[in-house]
Asker: 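Quick one: the structure is below, and I'll ask about it shortly.
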Amino acid sequence: MSSGYLQFPLFLLLIHSILNLSSGFGSMGPISAAFGKNRFFCAIDASGKQEVICWGKNNSISSTNSALFGDIPAMFALTGGNGFMCGILANTSTVYCWELLGSNNDVLVPDIYRNTAYTHVAAGKSHVCAIRGSYFSDNDWGTIDCWEIVARSNSSLSSLPSSLYYDESITNLVFRKVVSGDGFSCGEVREGGLVCWGPEATTLGVSGVSEVFVSLASGMESVCGISGASGEVKCWGENQSFIGSPVGIRFVSLAAGAKHFCGIREDNHGIECWGHFNISAVPKGSGFMAIASSDVTTCGIREDDLVLDCWFVDVTSAPDYDPPLQLCSPGLCTLSSCAEGTFAFNASTLSETDLTSLCVRKDLKICSPCGSNCSEGFFLSSPCSENADRVCTGCSLCQNSSCWDVCKLQSTPASHKKHEQDLQRFVLIVGSSALGLLLLLISWCLLPCMKGSRKEEGTKKSLASCIGKVESEKHINADPFPPLSVTPCIGTAQVFRLSELKDATNGFKEFNELGRGSYGFVYKAVLADGRQVAVKRANAATIIHTNSRDFEMELEVLCNLRHGNIVNLLGYCSEMGERLLVYEYMPHGTLHDHLHGGLSPLNWSRRLKITMQAAKGLEFLHMEPVPPIVHRDVKTSNILLDSDWVARIADFGLLGPNERELSGDIRTDVYSFGIVLLEILSGRKACDRDYMPPSIVEWAVPLIRHGKAAATIDRNVALPKNVEPLLKLADIAELTLRENPSERPCMSDVATWLEQILKEGLIL
Ligand SMILES: *[C@@H]1O[C@H](CO)[C@@H](O)[C@H](O)[C@H]1NC(C)=O
Ligand SMILES: *[C@@H]1O[C@H](CO)[C@@H](O)[C@H](O)[C@H]1NC(C)=O
Ligand SMILES: *[C@@H]1O[C@H](CO)[C@@H](O)[C@H](O)[C@H]1NC(C)=O
Ligand SMILES: *[C@@H]1O[C@H](CO)[C@@H](O)[C@H](O)[C@H]1NC(C)=O
Ligand SMILES: *[C@@H]1O[C@H](CO)[C@@H](O)[C@H](O)[C@H]1NC(C)=O
Ligand SMILES: *[C@@H]1O[C@H](CO)[C@@H](O)[C@H](O)[C@H]1NC(C)=O
Ligand SMILES: *[C@@H]1O[C@H](CO)[C@@H](O)[C@H](O)[C@H]1NC(C)=O
Ligand SMILES: *[C@@H]1O[C@H](CO)[C@@H](O)[C@H](O)[C@H]1NC(C)=O
């Protein structure tokens with residue numbers, strides 16, 4: 001036992017507000033793990049009700065599935081022991097413990113302690129120690145109660161009061177935090193310093209330790225703490241468990257596995273692990289708010305979206321944890337105000353929810369430590385404030401010298417993939433900020449708005465171009481291409497003058513170009529009346545290969561098609577041998593560029609709407625025209641987004657009628673649409689050589705068929721609280737991707753199902 005006098009009030013206030021973040025075996029936090037054969041994880045969810053989500057080895061099991069865990073009441077904090085978990089109840093501040101298959105409904109707290117309120121609890125291998133006091137009181141110092149958890153003959157657990165964890169040296173001490181391992185507990189005492197007790201306590205070699213620790217975590221036979229003075233890690237006990245512990249790095253949180261430790265860095269909230277651990281398993285790129293370790297697994301709550309992520313001591317070991325996709329609470333709810341160096345987590349910044357607080361009581365808040373730096377590939381665009389963590393922005397948005405250095409330094413010969421990921425997640429808003437929004441807006445304006453799509457040469461020969469019309473008769477003699485016999489689309493499409501479109505595109509100047517395809521260029525044009533339109537201008541090769549009679553008929557079809565989910569033809573022009581088609585302008589560009597090309601990432605509600613709208617557009621093309629229009633090139637770059645972010649199918653129906661008849665089954669479009677669904681769901685490209693297998697279909701369909709659809713969901717955007725709609729989306733994709741075309745649904749079915757999903761599940 002020892003004493004020290006490091007009790008500067010401000011210092012302690014800071015410590016107080018972050019001491020509860022660490023968790024793992026034997027310490028307390030918003031996420032915790034039960035060790036051993038019956039291991040499982042639990043976390044407090046972000047519903048604002050502080051409900052507990054638990055998941056086991058094989059599959060995700062939420063608290064709503066009471067078969068494996070019983071009905072777990074709302075909790076303030078969690079701590080895991082060997083095969084059991086304890087928590088402090090949100091309504092009474094008493095302790096409640098449960099186990100996997102907790103059918104016997106025993107709260108695993110001896111009768112004499114059941115009605116006692118506790119501020120802190122720590123489960124060890126087979127004992128629990130807790131500090132008396134109300135969770136709501138400002139005073140979190142209290143005396144300690146400990147009890148044992150023992151296995152009955154039928155191997156279910158029960159609790160009994162214990163003298164093993166009492167000795168005279170501790171009964172009179174007042175503690176503030178406690179951790180428990182295998183046969184020992186350690187705590188911080190008011191007199192200052194760390195004290196350990198229990199039958200195995202002496203083997204740790206903790207004595208004369210007078211420091212203050214902001215966080216403690218204990219493994220089976222070891223304990224580590226974050227020094228309040230240096231922010232660095234100090235460890236005691238069996239030394240293989242903490243071999244290679246980091247030096248010179250400040251931490252804010254720790255978690256202990258059986259033979260390894262992991263910590264959250266203070267600067268960028270990244271993860272470091274040491275002990276019996278393969279370093280290449282550490283997650284990179286994302287910051288974390290809380291972590292917990294089981295024997296060989298560590299799970300954490302990511303700071304950008306509060307989604308769970310798990311990793312294993314050895315990258316080669318088969319993942320045995322598949323965490324649920326619910327959003328989790330990033331910290332513990334406390335009554336005290338947030339100290340310097342911390343910020344109050346603002347629940348309303350979570351996308352897809354309308355929460356105002358993550359805590360059951362409105363007077364409670366979550367104080368989390370501020371970050372001061374960003375992970376590689378991101379620069380710090382705004383510092384931490386009282387109400388929001390620092391904001392990290394992707395280096396792709398670095399525009400001046402303020403971030404040049406950090407981004408330049410970090411642009412190592414990183415793989416193309418890495419760069420793309422950065423682009424996709426280019427604004428990592430930890431706590432949404434005006435700056436983040438501004439950056440989003442800027443990026444939309446700077447990037448190209450519409451891309452012409454490339455068609456395979458030969459698949460579509462008669463393409464966008466223009467048709468001669470009556471006014472151009474004076475050019476006929478000079479025109480090598482015969483004029484059209486009739487003026488198509490009278491009353492539905494506007495006939496434009498060439499000079500008009502020339503002016504509107506600044507003489508078809510490069511800077512107005514949106515893209516090019518085998519048919520020619522696509523230009524953005526502003527008409528004299530101010531309307532923005534997209535103009536497709538056929539190149540010479542296209543015109544020479546186009547039979548104007550076929551083209552006329554095609555134009556007649558296109559002009560009469562009108563639907564809110566296709567890019568509608570507004571008019572055309574045919575003069576001087578030119579063929580120009582004038583389309584509605586789509587200011588938000590292609591779906592492809594939002595998913596893969598660095599335009600703003602789309603959230604789930606928008607993505608789901610886009611799937612439904614695109615399906616309706618295709619359904620229309622399949623159902624309305626006679627004969628039906630088979631698109632034959634359904635892909636994300638042919639799905640455009642209009643000014644209201646509504647999806648529109650582009651680049652259809654430019655086949656000659658004969659080709660249309662030959663083009664076969666409309667269910668080839670259904671298959672292609674399935675690929676689009678997978679791209680929307682996963683954020684992956686249809687074919688990506690950075691993955692094995694590169695084909696999205698070969699990768700995703702087996703996962704979906706094996707009930708692992710959750711693994712295909714894009715983790716680079718914040719997930720909705722309810723992921724059910726996304727799992728259904730995966731199921732629909734699977735159906736559309738059946739090898740046998742007759743097993744594929746038709747677009748009408750797909751559109752109806754997607755509409756249903758939107759109606760049912762989505763939490764905005
Ligand atoms: C996990 O899977 C294994 C084999 O698939 C099975 O034996 C075991 O009972 C499962 N455990 C749980 C908790 O479902
Ligand atoms: C607190 O919650 C527990 C578990 O839901 C319940 O059994 C108990 O009756 C509640 N106590 C009070 C005072 O509401
Ligand atoms: C184990 O035995 C106890 C009584 O000794 C009983 O209360 C409990 O329900 C039993 N558990 C199981 C899982 O059979
Ligand atoms: C680890 O502990 C063993 C004894 O338990 C000791 O012999 C060894 O020197 C220690 N290693 C280090 C690196 O401290
Ligand atoms: C860590 O994992 C990597 C990748 O599987 C492997 O190449 C390396 O040998 C492992 N290192 C250790 C120390 O196990
Ligand atoms: C929380 O975020 C919302 C939305 O971003 C904002 O309107 C509100 O002012 C924030 N609250 C605090 C206390 O900063
Ligand atoms: C911030 O992190 C980057 C690496 O991500 C590192 O190069 C840089 O030195 C850090 N800056 C500070 C001030 O710690
Ligand atoms: C750099 O650009 C950011 C916005 O992108 C702006 O907030 C900041 O003031 C600029 N800094 C300098 C030195 O121009």
Side-chain angles (χ1 to χ4, degrees), residues 46 48 200 202-206 219-224 231 234-252 259 264-272 274-276 282-287 304 306 330 337-338 342-359 362-368 370-395 398 402-412 414 418 422 427-438 440 603 718 764:
E200 304 293 332
T202 51
T203 63
L204 292 172
V206 174
M220 287 290 183
E221 301 163 328
S222 55
V223 57
C224 287
K234 296 200 170 170
C235 301
W236 298 265
E238 195 272 309
N239 60 22
Q240 288 305 302
S241 304
F242 52 84
I243 192 164
S245 57
V247 178
I249 299 177
R250 294 181 64 95
F251 285 90
V252 290
K259 285 177 174 297
I264 301 178
R265 296 172 67 111
E266 183 186 71
D267 54 0
N268 61 10
H269 294 171
I271 300 289
E272 303 283 339
W274 57 95
H276 184 77
V282 177
K284 295 181 188 65
S286 183
D304 35 335
L306 304 190
S337 57
C338 296
T342 69
F343 69 96
F345 188 87
N346 183 346
S348 46
T349 59
L350 289 177
S351 58
E352 319 276 336
T353 68
D354 51 6
L355 285 175
T356 52
S357 171
L358 296 187
C359 304
K362 293 285 163 286
D363 55 338
L364 300 178
K365 62 179 85 60
I366 295 172
C367 299
S368 300
C370 285
S372 59
N373 197 0
C374 298
S375 349
E376 217 177 290
F378 291 81
F379 68 91
L380 184 75
S381 54
S382 103
C384 190
S385 70
E386 267 172 45
N387 296 319
D389 201 356
R390 52 74 173 100
V391 176
C392 295
T393 302
C395 277
C398 172
S402 64
C403 48
W404 183 251
D405 279 356
V406 63
C407 286
K408 187 81 175 171
L409 272 178
Q410 289 161 355
S411 60
T412 44
K418 169 86 181 108
D422 292 348
V427 176
L428 182 144
I429 306 173
V430 183
S432 97
S433 72
L435 179 65
L437 280 175
L438 184 65
L440 280 169
N603 66 25
L764 292 173

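Being a predicted model, the structure only gives us computed values, none of them experimental. Indexing begins at 1, ligand by ligand and atom by atom, following the structure's order. Just so you know, residue 1 is the first one in the sequence shown, and it goes up from there.
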Asker: Measure the SG-CD distance between Cys367 and Glu386 for me, rounded to the nearest 0.5 Å.
Answerer: 10.5 Å
Asker: Heavy-atom distance from atom 2 (O) of ligand 4 to the protein below 4.0 Å?
Answerer: yes
Asker: For the CG atom of Leu380 and the CZ atom of Arg390, what is their distance to the nearest 0.5 Å?
Answerer: 7.5 Å
Asker: Would you mind listing which atoms of ligand 7 come within a distance below 4.0 Å of any non-hydrogen atom of Cys374?
Answerer: 2 (O), 5 (O)
Asker: For atom 5 (O) of ligand 4, decide whether some protein heavy-atom distance is shorter than 4.0 Å.
Answerer: no
Asker: Between Ser372 and ligand 7, which part of the residue brings a heavy atom under 4.0 Å of the ligand: side chain, backbone, both or neither?
Answerer: neither
Asker: To the nearest 0.5 angstrom, please state how far the CD atom of Glu221 sits from the CD atom of Glu200.
Answerer: 8.0 Å
Asker: Does the protein place a non-hydrogen atom closer than 4.0 angstrom to atom 9 (O) of ligand 4?
Answerer: no
Asker: Please assess Cys374 against Phe379 for the test side chain to side chain contact (heavy atoms under 4.5 Å, CB included), listing each intermediate value before the final yes or no.
Answerer: CA-CA 6 Å; Cys374 298; Phe379 68 91; over 6 Å; no
Asker: Checking Ser381 side chain against Val391 main chain: does a donor-acceptor pair fall under 3.5 Å?
Answerer: yes
Asker: Purely on distance, is any nitrogen or oxygen of Asp267 under 3.5 Å from one on ligand 7?
Answerer: no
Asker: Can you list the ligand 7 atoms lying under 4.0 Å from a non-hydrogen atom of Glu376?
Answerer: 5 (O)
Asker: Could you measure the distance from the CG atom of Asn239 to the OG atom of Ser222? Nearest 0.5 Å is fine.
Answerer: 9.5 Å
Asker: Run the numbers for me: atoms of ligand 6, each under 4.0 Å from some heavy atom of Asn346, listed by number.
Answerer: 1 (C), 2 (O), 3 (C), 8 (C), 10 (C), 11 (N), 12 (C), 14 (O)
Asker: Hey, what do you get for CG (Asp389) to SG (Cys384), rounding to the nearest 0.5 Å?
Answerer: 4.5 Å
Asker: For atom 11 (N) of ligand 4, which protein heavy atom lies nearest, and how many Å away is it?
Answerer: Asn239 ND2, 2.7 Å
